Chemist: 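My structure is below; once you've seen it, I'll send some questions.
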Amino acid sequence: MLWKLLVRSQPCRLCFFRKMQSTPKYKPFLAYFTTDGQSNKENKRTVETLYKFSVDIRKIRSLKGWVLLEDETYVEEVANILQELGADEAVIASILERCPEAIVCSPAAIDTQRKLWQLVCKNEEELVKLIEQFPESFFIVKNQENLKLNVQFFQELGFKNVVISRFLTTASNIFHNPVEKNKEMIKLLQESYLNVGGSEANMKVWLLKLLSQNPFILLRSPTTIKETLEFLQKQGFTNFEILQLLSKLKGFLFQLCPRGIQNSISFSKNAFECTDRDLKQLVLKCPALLYYSVPVLEERIQGLLKEGISIAQIRETPMVLELTPQIVQYRIRKLNSLGYKIKDGHLANLNGTKKEFEANFGKIQAKKERPLFNPVAPLNVEE
């Protein structure tokens with residue numbers, strides 16, 4: 001459980017949890033339901049204060065009931081800080097119900113956290129909205145000094161504050177890294193980009209897009225990233241082709257490992273009955289062939305074949321493999337409603353994003369409904 005891991009961490013964190021001697025190592029299922037014995041052990045002052053702020057105690061008991069057993073809590077202090085930021089009673093109750101750990105966070109630590117988050121938030125209103133949406137990201141951190149240094153580092157790299165705030169809420173683990181580790185990974189990514197022919201002028205833009213799309217790259221091992229690029233070179237991909245994959249896949253390429261790539265390549269080669277050269281061209285058209293697992297690729301190819309689409313058609317437009325079987329079925333039904341038989345035509349009309357498909361569908365529909373002659377044009381009739 002998350003809170004047990006947090007207990008073992010250093011006390012410099014935002015929330016410092018103490019193990020309760022009376023709390024068993026593994027809680028029985030029924031322990032999450034209120035019993036008279038459990039109620040008697042709860043900190044009555046904590047419970048009464050939570051009621052004061054209209055918090056649903058049942059939700060806390062079922063989610064993180066252990067916080068109600070703590071001798072020292074800061075319900076009122078935490079609520080007051082949130083009120084000062086502009087949160088109303090309903091928002092405060094929602095935050096405490098979804099992140100009960102907040103009530104064991106010291107007011108001093110919360111105040112420090114508030115100042116750190118305000119480095120990237122436009123105003124207090126925006127800060128409250130972020131805390132309401134992602135309370136755990138705000139109240140549960142390992143090291144505030146790491147957080148501060150990493151925020152400053154990302155700002156120096158050129159990230160906009162709105163992007164950094166997104167990192168804080170949806171990829172908070174990257175701030176657990178010592179800033180030196182993140183700097184080391186950034187340097188490796190820059191070197192990798194330049195080594196395969198990327199230009200110095202475009203490197204900053206590429207890096208910002210890369211991390212904006214997938215900040216979790218910073219949690220990867222530098223060794224794995226090097227091995228992945230070396231593996232692609234051994235498979236016959238030129239530096240220019242690898243640069244193309246880096247541009248198309250961005251962060252996803254660095255989420256791969258050589259074994260996974262090898263399995264996907266071997267499966268695709270057999271499925272499409274093609275040479276190494278042909279397979280490379282398919283991969284460059286559809287990089288999804290690299291990062292989708294074999295079961296996913298097999299499911300999608302089988303789904304297309306069941307709809308009457310041939311392997312030759314898939315080879316011609318491999319990007320269709322980026323669509324789930326459910327999306328394929330839905331789009332084929334829509335096209336069939338217009339009398340368009342996808343198995344007899346090109347898959348381009350099936351392909352693309354939702355917006356692109358709807359635009360193509362609209363064009364086909366308009367063409368089908370267009371009259372063969374202009375009904376208001378005068379006819380040449382002999383007297």
Side-chain angles (χ1 to χ4, degrees), residues 117 119-122 126 130 133-134 137 147 149-177 179-233 237-257 260-261 264 283-292 318-319 321-323 351-356:
W117 279 48
L119 293 175
V120 295
C121 291
K122 290 185 294 187
E126 182 181 298
L130 289 178
Q133 288 179 289
F134 308 95
S137 296
L147 175 61
L149 293 174
N150 277 307
V151 166
Q152 292 172 345
F153 173 55
F154 290 134
Q155 287 175 329
E156 291 167 4
L157 278 176
F159 283 106
K160 294 181 178 179
N161 285 338
V162 66
V163 176
I164 299 175
S165 66
R166 193 169 75 242
F167 290 170
L168 282 170
T169 53
T170 61
S172 57
N173 283 352
I174 66 175
F175 295 92
H176 298 173
N177 282 345
V179 69
E180 292 305 321
K181 184 177 185 301
N182 283 338
K183 286 182 177 180
E184 178 187 353
M185 183 60 77
I186 293 295
K187 183 179 179 182
L188 172 63
L189 293 171
Q190 291 171 329
E191 289 174 351
S192 299
Y193 179 75
L194 294 175
N195 288 341
V196 294
S199 69
E200 191 85 43
N202 295 331
M203 183 176 66
K204 182 178 178 180
V205 173
W206 172 80
L207 182 65
L208 294 181
K209 285 184 178 179
L210 174 77
L211 293 176
S212 296
Q213 184 190 55
N214 188 5
F216 296 103
I217 296 168
L218 296 175
L219 302 177
R220 299 286 289 171
S221 160
T223 303
T224 303
I225 288 179
K226 290 177 182 177
E227 288 175 349
T228 298
L229 293 176
E230 289 171 0
F231 178 79
L232 290 172
Q233 289 172 331
F237 288 92
T238 65
N239 283 344
F240 177 73
E241 289 168 340
I242 294 175
L243 184 61
Q244 282 183 279
L245 291 174
L246 284 176
S247 299
K248 290 180 179 179
L249 285 176
K250 296 184 175 70
F252 294 109
L253 184 61
F254 294 117
Q255 293 294 101
L256 304 176
C257 64
I261 297 175
S264 296
V283 168
L284 291 172
K285 281 185 181 179
C286 179
L289 289 171
L290 288 183
Y291 64 79
Y292 283 146
M319 294 80 73
L321 292 171
E322 295 179 356
L323 306 175
N351 203 25
T353 63
K354 180 180 179 180
K355 185 176 181 181
E356 290 168 342

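For the numbers below, each heavy atom of this structure counts, side chains included, while hydrogens, waters and symmetry mates do not. Residue numbers run from 1 in the order of the sequence given. For clarity, every value in this text was computed on a predicted model and none was experimentally measured.
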Chemist: Got a sec, which residues hit side-chain contact (heavy atoms from CB on, under 4.5 Å) with Leu243, two or more places apart in sequence or on another chain?
Modeler: Tyr193, Val196

Chemist: List the atom of Leu147, the atom of Trp117, and the distance in Å for their closest heavy-atom pair.
Modeler: CD2-NE1, 4.2 Å

Chemist: Taking the side chain as everything from C-beta on, heavy atoms only, tell me whether Phe167 gets closer than 4.5 Å to Asn150.
Modeler: no

Chemist: Counting N and O atoms only, with roles assigned by atom type, does the side chain of Ser264 sit under 3.5 Å from a partner on the main chain of Ile261, one being a donor and the other an acceptor?
Modeler: no

Chemist: Got a second to check how far Asn195's CG is from Gln233's CD, nearest 0.5 Å?
Modeler: 8.5 Å

Chemist: Output the distance between atom CD (Glu200) and atom CD (Gln190), rounded to the nearest 0.5 Å.
Modeler: 8.0 Å

Chemist: Using every non-hydrogen atom in the two residues, find where Tyr292 and Glu322 come nearest and quote the distance to one decimal.
Modeler: OH-O, 3.8 Å

Chemist: Keeping Ser137 on the side-chain end and Ser172 on the backbone end, is there a donor-acceptor pair under 3.5 Å?
Modeler: no

Chemist: Please round to the nearest 0.5 Å and tell me the distance separating atom OG1 of Thr238 and atom CG of Leu284.
Modeler: 8.0 Å

Chemist: Is there side-chain contact between Leu208 and Lys204, with at least one heavy-atom pair below 4.5 Å?
Modeler: yes

Chemist: Has the side chain of Asn177 got a donor or acceptor atom that lies under 3.5 Å from a matching backbone atom of Leu218?
Modeler: yes

Chemist: Gln155 and Ile164: which non-hydrogen atoms are nearest, and at how many Å?
Modeler: CG-CD1, 3.5 Å

Chemist: Are Lys183 and Ile186 close enough that some pair of their side-chain heavy atoms sits under 4.5 Å apart?
Modeler: no

Chemist: In Å, rounded to the nearest 0.5 Å, how long is the span from CZ of Phe254 to CG of Leu229?
Modeler: 5.0 Å

Chemist: Does some side-chain heavy atom of Asn214 sit less than 4.5 Å from a side-chain heavy atom of Gln255?
Modeler: yes

Chemist: What is the distance from atom CG of Asn182 to atom CG of Leu211, rounded to the nearest 0.5 Å?
Modeler: 9.0 Å

Chemist: Rounded to the nearest 0.5 Å, what's the gap from NZ on Lys285 to CD on Gln244? Could you check?
Modeler: 12.5 Å

Chemist: Answer whether the closest heavy-atom distance between the side chains of Phe134 and Leu168 falls below 4.5 Å.
Modeler: no

Chemist: Kindly give the heavy-atom pair with the smallest separation between Arg220 and Ile225, and that separation in Å.
Modeler: CB-CD1, 4.4 Å

Chemist: So which atom in Ser212 and which in Arg166 form the shortest heavy-atom distance, rounded to 0.1 Å?
Modeler: O-NH2, 3.2 Å

Chemist: Only one of Leu119, Leu130, Thr170 clears side chain to side chain contact (heavy atoms under 4.5 Å, CB included) with Ser165; which?
Modeler: Leu130

Chemist: Looking at every non-hydrogen atom in both residues, tell me the closest pair between Val120 and Asn161 and how far apart they are.
Modeler: O-CB, 3.4 Å

Chemist: Are the side chains of Glu184 and Leu188 in touch, meaning some heavy atoms are under 4.5 Å apart?
Modeler: no

